[in-house]
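So the structure is just underneath, and the comments pick up after that.
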Amino acid sequence: MSTAKDYISIQAEDFDLSNEVSLLEQNNMHDGAVVTFTGRVRNKNDGLQVSALTLEHYPGMTEKSLEKILNTARQRWKIGRIRVIHRIGKLNIGEQIVFVGVSSMHRQDAFAAAEFIMDFLKVQAPFWKKELTEQGEKWLDAKQSDQHKAQHWES
Amino acid sequence: MSTAKDYISIQAEDFDLSNEVSLLEQNNMHDGAVVTFTGRVRNKNDGLQVSALTLEHYPGMTEKSLEKILNTARQRWKIGRIRVIHRIGKLNIGEQIVFVGVSSMHRQDAFAAAEFIMDFLKVQAPFWKKELTEQGEKWLDAKQSDQHKAQHWES
Amino acid sequence: MIKVVFFAALREQLNCAELTIAANEVSTVADIKKQLANKNEHWQQVFSNGALLSAVNHDMVNAETQVKAGDEIAFFPPVTGG
Amino acid sequence: MIKVVFFAALREQLNCAELTIAANEVSTVADIKKQLANKNEHWQQVFSNGALLSAVNHDMVNAETQVKAGDEIAFFPPVTGG
């Protein structure tokens, strides 16, 4: 079940990693493990030099799809708290795009859940990246490998 | 190969998560993914209330065993930078014990390597925990499940 | 009425973010897609892209999904967030 | 001489952190363990613990591993860090 322990934020603003992890840990003395994933804008993609990207999303559906993913994760693993932040708008190289943080009693659950959430966010949450490359603006193509990663969890 | 990109620290002092992640990310524009694991002192273990723990290690062997684990991880996955911090001495409830941070171009490598490093640290790095519980001081017993997690990577 | 919204590359290709269609003319997502494709040659070509995804009321669906008055239908390219 | 070190619960049980033994009396880790166990009944009992691990010069080893003068041999319980 998605509970008050889950926090999903779609925002233009940057976020602070320590701050997010504090919110997973504070008044939470039974979860010994915290796993985080942070994704940033890389300077290269598909061999092209990237200078920035713009993130568009589908308000309403984004939150709903993430809640579904978190609910599924909670059914599969024993998790304490989950925080997901995804930024939108224009982001420059090196800027943070996405954060997933999971606390749990045992590390295996936090590792699996964090990776699962990222894998499904990648193929189900309605975000789209447009890159500003040396050849101009270009919408990113979805990667087949991301589909495979998500399918991998079915087995 | 273990390179200057790897940083292993055995220390009594606490560490700051944001600071550690900054060191994985600064001047590193090609790694888009960072995965971190943080382990903290829980208030309960094996059903007993824990109030603090003391961590002992084997200086020299600790560093050598961690370097070997990091080398193996580098052979298995395409990783950017790795940072491992393990604290020693007396630690109270909620305090951070261990940090593993891995940067990579693709998230799958960072997730796998961080979990692999933790799984092998658990069974190969010479650290020992003594818990202060409601029943007095007690050396922790190693868990069979940790052996299984490490063996799982062989297959 | 049924509200239809478009996102990302698809919105740019169509030069349209949102439109409405009469609920009595369509019963499935596939019907809507067909009606949109029939607008003109350009839309026909854009909607011939088999990779396009669709959602009804914020849930990802397939072409056979039923639609009714008041629904919000979205069409968009495969997602690329994270 | 061979340096032998003990850690954690083992060190406490033996009430000993470190000792040295003559290199010419032993050729493997198992030999050292045997010699230590022969000290007295208490050490005998402590070293009867089959779960004890050993390291030579900071590398985890098994009982058949050869040892020589100048080596540092460690005995300790299964590790519990992380």
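Naming: A, B, ... by sequence-line order, numbering from 1 per chain.
Around the NE2 atom of H152(B), the shell of radius 6.0 Å holds no more than 12 heavy atoms that belong to other residues, nucleotides or ligands.
Contact count against chain A (heavy-atom pairs under 4.5 Å) is highest for K122(B) among Q96(B), Q26(B), K122(B). Top candidate by heavy-atom pairs under 4.5 Å with chain A, chosen from A33(B), S18(B), A114(B), is S18(B). Note on T36(A), V41(A), D31(A): by heavy-atom pairs under 4.5 Å with chain B, the leading option is T36(A).
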Under 3.5 Å, sequence neighbours excluded: what are the donor-acceptor pairs made by side chains of residues 104-113 of chain B?
{"from": "S104(B)", "atom 1": "OG", "to": "H106(B)", "atom 2": "O", "distance (Å)": "2.7"}
{"from": "S104(B)", "atom 1": "OG", "to": "A110(B)", "atom 2": "N", "distance (Å)": "3.3"}
{"from": "R107(B)", "atom 1": "NE", "to": "D119(A)", "atom 2": "OD1", "distance (Å)": "3.0"}
{"from": "R107(B)", "atom 1": "NH1", "to": "D146(A)", "atom 2": "OD1", "distance (Å)": "3.3"}
{"from": "R107(B)", "atom 1": "NH2", "to": "D119(A)", "atom 2": "OD1", "distance (Å)": "2.8"}
{"from": "R107(B)", "atom 1": "NH2", "to": "D146(A)", "atom 2": "OD1", "distance (Å)": "3.3"}

Check: residues 50-59 of chain B side-chain donor-acceptor pairs under 3.5 Å, at least two apart:
{"from": "S51(B)", "atom 1": "OG", "to": "L132(B)", "atom 2": "O", "distance (Å)": "3.3"}
{"from": "E56(B)", "atom 1": "OE1", "to": "R11(D)", "atom 2": "NH1", "distance (Å)": "2.8"}
{"from": "E56(B)", "atom 1": "OE1", "to": "R11(D)", "atom 2": "NH2", "distance (Å)": "3.2"}
{"from": "E56(B)", "atom 1": "OE2", "to": "A8(D)", "atom 2": "N", "distance (Å)": "2.8"}
{"from": "E56(B)", "atom 1": "OE2", "to": "R11(D)", "atom 2": "NH1", "distance (Å)": "2.3"}
{"from": "H57(B)", "atom 1": "ND1", "to": "T62(B)", "atom 2": "OG1", "distance (Å)": "2.8"}
{"from": "Y58(B)", "atom 1": "OH", "to": "E72(D)", "atom 2": "OE2", "distance (Å)": "2.5"}

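Atom CZ of R40(B) is separated from atom CE of M29(A) by 6.0 Å, given to the nearest 0.5 angstrom. In this structure, the separation between CG on D16(A) and CG on L17(B) is 9.0 Å, given to the nearest 0.5 Å. With rounding to the nearest 0.5 Å, the separation of CG in N28(B) from CZ in R42(A) is 11.0 Å.
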